[in-house]
2 protein chains.
Amino acid sequence: MISLRQLRYLDALATHLHFRKAADAVSVSQPALSMQIKELERDLGVMLIERLPNRVRLTREGEEVAARARAILTDVQDLHDYARQAGQPLTGPLRLGIIPSIAPYLLPRILPVLSSAHPELRLTIRETLTQALTEELQEGKLDAIIIALPADTAGLISEPLFEDRFLLARCASDTLDRDRRVLPDDLEKENILLLEEGHCLRDQALNYCQNVSTAGGNTLGATSLATVMQMVAAGYGVTLLPEICADFEVRDERVTLLRFADPQPARTVGLVWRKSSPRSKDFGILVDTLRKTVGKAGCRLAG
Amino acid sequence: MISLRQLRYLDALATHLHFRKAADAVSVSQPALSMQIKELERDLGVMLIERLPNRVRLTREGEEVAARARAILTDVQDLHDYARQAGQPLTGPLRLGIIPSIAPYLLPRILPVLSSAHPELRLTIRETLTQALTEELQEGKLDAIIIALPADTAGLISEPLFEDRFLLARCASDTLDRDRRVLPDDLEKENILLLEEGHCLRDQALNYCQNVSTAGGNTLGATSLATVMQMVAAGYGVTLLPEICADFEVRDERVTLLRFADPQPARTVGLVWRKSSPRSKDFGILVDTLRKTVGKAGCRLAG
DNA sequence: GATCTCTCATAAGCGTATCTTATCGGGATG
DNA sequence: CATCCCGATAAGATACGCTTATGAGAGATC
């Protein structure tokens with residue numbers, strides 16, 4: 001069976017036309033090279049080298065085989081170079097899924113950082129609901145997703161990125177002490193506006209409300225937080241607004257944000273990928289970058 | 001260092017997407033294949049395979065590397081096929097040199113036989129004087145030559161093909177017993193016609209004549225035996241004609257051929273090639289073919 | 001939910017291909 | 001004729017790659 005080693009030796013010999021020099025060039029002893037060449041000739045059933053007393057000459061077949069060998073070695077080198085380049089962390093295509101209640105608020109903060117820190121990274125963003133993201137992740141259609149933890153399906157690894165507390169968004173005209181911390185009981189008499197089915201944010205809000213046995217839960221789902229906030233501003237009800245959205249969604253003066261009393265409701269946003277993914281190292285780096293980036297922004301939010 | 005084995009294993013794995021099946025396909029144990037794949041990945045610094053619980057999937061880099069590997073393996077197979085085909089004896093180009101006093105008489109007899117026995121053989125014929133042929137042979141411009149032996153230069157191998165006796169060609173009008181064997185002394189009073197300088201035939205004839213101390217040697221050299229025979233027919237003198245030429249050159253009724261008394265003068269025609277030539281086996285076969293072919297013809301000549 | 005089975009990874013031992021050093025033979029060279 | 005250079009050969013050491021046996025993890029099954 002032909003080996004690359006034989007082709008490498010043949011290449012060296014074709015270059016130097018001298019067994020010892022060729023052997024030096026490939027850093028082996030001269031007999032080692034001689035034997036490999038001989039083995040190659042035996043394997044091919046054709047003499048490649050004409051051993052003259054003084055020098056060495058390639059036969060016609062030797063020239064042809066050496067030329068082919070060179071081409072093959074070049075291809076192997078190219079393969080090697082390609083793979084080593086591609087093996088660098090956070091380069092090339094990376095398909096990232098993000099849920100709708102995070103994407104529009106997080107992306108503007110992290111994309112500039114990522115593109116400057118990893119200029120070779122080619123991000124593709126997909127925004128949809130948690131379940132679809134999880135399925136696509138497991139099917140290999142996505143490399144990683146950013147969702148609210150936990151991602152309970154097996155075979156996945158989750159790393160928390162940041163805590164995202166919920167604030168109570170309500171109509172500003174309501175007479176309420178702005179500094180007062182909202183208590184669960186305060187929600188009992190409210191009309192709570194939620195996103196439509198499938199949004200994890202809806203489930204998280206419902207979960208908190210159920211704990212406090214809210215009665216007036218209005219489950220008419222909206223398709224986006226922007227819509228919900230419009231309804232809040234118009235006085236149709238209140239909602240639990242993730243802190244990360246606050247800067248973007250609360251430009252309307254008719255809306256007031258109130259912080260909950262401890263323990264504040266919150267969601268944990270995390271990065272999730274397949275345990276078997278070969279880019280785990282990449283995702284570790286990505287988690288670090290995202291934590292630092294969001295950490296700075298988080299301070300601004302907390303202030 | 002990347003090895004072809006690793007690429008072969010990767011190819012099998014990419015095909016079967018299953019370690020055990022891939023291992024079966026390349027006839028090794030599953031751990032052997034696993035280790036080679038791992039080694040390849042370590043060498044390239046990139047994960048090629050994503051090991052899922054159930055099945056195996058190629059990473060993006062794995063797909064690319066596998067595709068390149070397939071191309072390389074194909075090229076290696078092509079190299080192998082080419083060399084094995086080219087390694088068959090007496091196929092492909094073969095440059096054969098022949099001296100002028102043999103070529104036009106021998107070629108018509110051997111070419112049909114060679115082309116039918118070795119249809120893949122691509123003969124290139126060069127006809128010139130012995131010295132030029134020998135030099136070109138040693139320079140690698142020719143693969144073998146057919147000359148009158150001995151070829152005394154070192155580094156060459158000679159194999160005799162046939163004995164070519166000289167006949168005395170003389171004007172038919174001369175009164176001489178046609179059955180009588182010519183004796184060396186008979187030449188003393190003759191005008192001997194020879195080829196020009198450089199033809200070995202001239203030297204061989206002169207050698208014979210000198211032995212018998214001929215006096216009237218006319219050294220005005222002709223450029224071809226045909227010319228010499230024209231002069232013989234016209235009565236300008238006699239010449240030593242190689243037996244192999246007799247059929248072709250003695251159609252003129254004015255010319256009579258006489259056999260010499262033993263020991264008859266003769267030349268040994270042989271095939272000569274470089275001792276280091278990788279096609280020695282080819283030439284051995286060629287010698288056999290030529291001996292048989294000329295042997296048959298030789299019988300006819302001798303009759 | 002314990003067991004079974006399938007996956008690929010790991011470990012231990014072995015065989016052999018490959019390497020090295022040392023030496024040979026042959027031809028060129030002074 | 002002695003010497004040098006070249007490539008081939010020989011013998012021993014090394015290391016690589018293989019096999020068998022076993023492990024670990026995840027589904028599948030009853």
Side-chain angles (χ1 to χ4, degrees), chain A residues 1-10 12-43 47-59 62 138-140 152-157 274-278 280, chain B residues 1-10 12-43 47-59 62 138 152-157 274-278 280:
Chain A
M1 191 70 78
I2 290 182
S3 74
L4 275 187
R5 175 181 8 234
Q6 292 167 346
L7 300 189
R8 284 190 249 266
Y9 290 4
L10 176 64
L13 185 54
T15 302
H16 295 90
L17 293 175
H18 193 285
F19 276 72
R20 194 178 51 73
K21 290 175 186 169
D24 287 348
V26 293
S27 301
V28 294
S29 64
Q30 168 262 317
L33 186 131
S34 283
M35 287 189 301
Q36 287 299 320
I37 294 293
K38 176 189 285 187
E39 176 62 20
L40 179 62
E41 287 177 322
R42 196 193 63 75
D43 202 59
M47 297 296 282
L48 304 173
I49 311 296
E50 181 170 346
R51 282 88 163 165
L52 295 131
N54 280 339
R55 62 203 185 287
V56 151
R57 171 193 293 154
L58 270 75
T59 66
Q138 291 185 310
E139 291 167 3
D152 51 5
T153 312
L156 300 181
I157 287 187
R274 294 187 299 279
K275 188 191 300 183
S276 59
S277 171
S280 291
Chain B
M1 190 70 78
I2 290 182
S3 74
L4 275 186
R5 174 178 9 233
Q6 292 166 346
L7 300 189
R8 285 190 247 267
Y9 289 5
L10 176 64
L13 186 52
T15 301
H16 294 90
L17 292 175
H18 193 285
F19 276 72
R20 192 179 50 72
K21 290 175 186 167
D24 287 347
V26 294
S27 301
V28 293
S29 65
Q30 169 263 316
L33 186 131
S34 282
M35 289 190 302
Q36 289 298 321
I37 295 293
K38 177 189 286 187
E39 176 63 18
L40 179 62
E41 288 178 322
R42 196 193 62 75
D43 202 62
M47 297 295 284
L48 304 173
I49 311 296
E50 181 169 345
R51 283 86 164 166
L52 294 130
N54 280 337
R55 62 201 184 289
V56 152
R57 172 192 294 153
L58 271 74
T59 66
Q138 290 184 314
D152 51 4
T153 311
L156 299 180
I157 288 188
R274 293 187 300 278
K275 187 190 300 184
S276 58
S277 171
S280 291

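A, B, ... follow the sequence lines: proteins, then strands. Residue 1 opens every chain.
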inquiry  = Check the phosphate of C:dA9 against B:S34, side-chain N and O only, distance under 4.0 Å to OP1 or OP2. Yes or no?
reply    = yes

message = What is the separation between atom CZ on A:R42 and atom C1' on D:dT9, rounded to the nearest whole Å?
response = 17 Å

remark   = A:L52 atom CG is separated from D:dA8 atom C1', nearest whole Å, by 15 Å

key: Nearest atoms (heavy-atom pairs only) where B:Q6 meets B:L40   = OE1-CD1, 3.6 Å

note = note: A:L156, atom CG; D:dA26, atom C1'; distance rounded to Å ~ 14 Å

ask   = Any side-chain heavy atom of A:L13 within less than 4.5 Å of one from A:L58?
value = no

inquiry  = Is it the case that the side chain of B:R20 and the backbone of B:H18 share a donor-acceptor pair, with hydrogens and angles ignored and the cut-off at 3.5 Å?
reply    = no

request  = Please state how far atom NE2 in A:H16 lies from atom P in D:dG7, giving the value in whole angstrom units.
outcome  = 12 Å

message = Distance check needed: C:dT20 C1' versus A:Q36 CD, whole Å only.
response = 14 Å

task = Whole angstrom is fine here: how far is it from CD1 in A:I37 over to P in D:dC6?
result = 17 Å

message = Treating A:T59 as the side-chain partner and A:L48 as the backbone partner, does any N or O pair qualify as donor plus acceptor under 3.5 Å?
response = yes

query = When you check the phosphate oxygens OP1 and OP2 of C:dT18, does a side-chain N or O of A:Y9 lie under 4.0 Å from one of them?
reply = no

ask   = Are OP1 or OP2 of D:dG7 and a side-chain N or O of A:R20 less than 4.0 angstrom apart?
value = no

Short side-chain N/O contact from A:K275 to OP1 or OP2 of D:dG25, under 4.0 Å = no

query = At their closest point, which heavy atom of B:F19 faces which heavy atom of B:S34, and how far apart are they?
reply = CD2-OG, 3.1 Å

key: Phosphate-side-chain proximity, A:H18 and D:dC5, N/O vs OP1/OP2 below 4.0 Å   = no

message = Tell me the interatomic distance from A:L13, atom CG, to D:dG7, atom C1', rounded to whole angstroms.
response = 11 Å

note = A:M35 atom CE is separated from D:dT14 atom P, nearest whole Å, by 16 Å

remark   = DNA chain C nearest-nucleotide lookup for B:L17 and A:R5: closer to the 5′ end is B:L17

Under-4.0 Å side-chain N/O to phosphate OP1/OP2 contact, B:R51 with D:dA26 = no

ask   = What parts of residues 22-33 of chain B reach DNA chain D, counting only heavy atoms under 4.0 Å away?
value = B:V28, B:S29, B:P31, B:A32

query = Got a salt bridge between A:E41 and A:K38, using NZ or NE/NH1/NH2 to carboxylate O under 4.0 Å?
reply = no

ask   = Which distance, rounded to the nearest 0.5 Å, do you find between the CZ of B:R274 and the CG of A:L52?
value = 7.0 Å

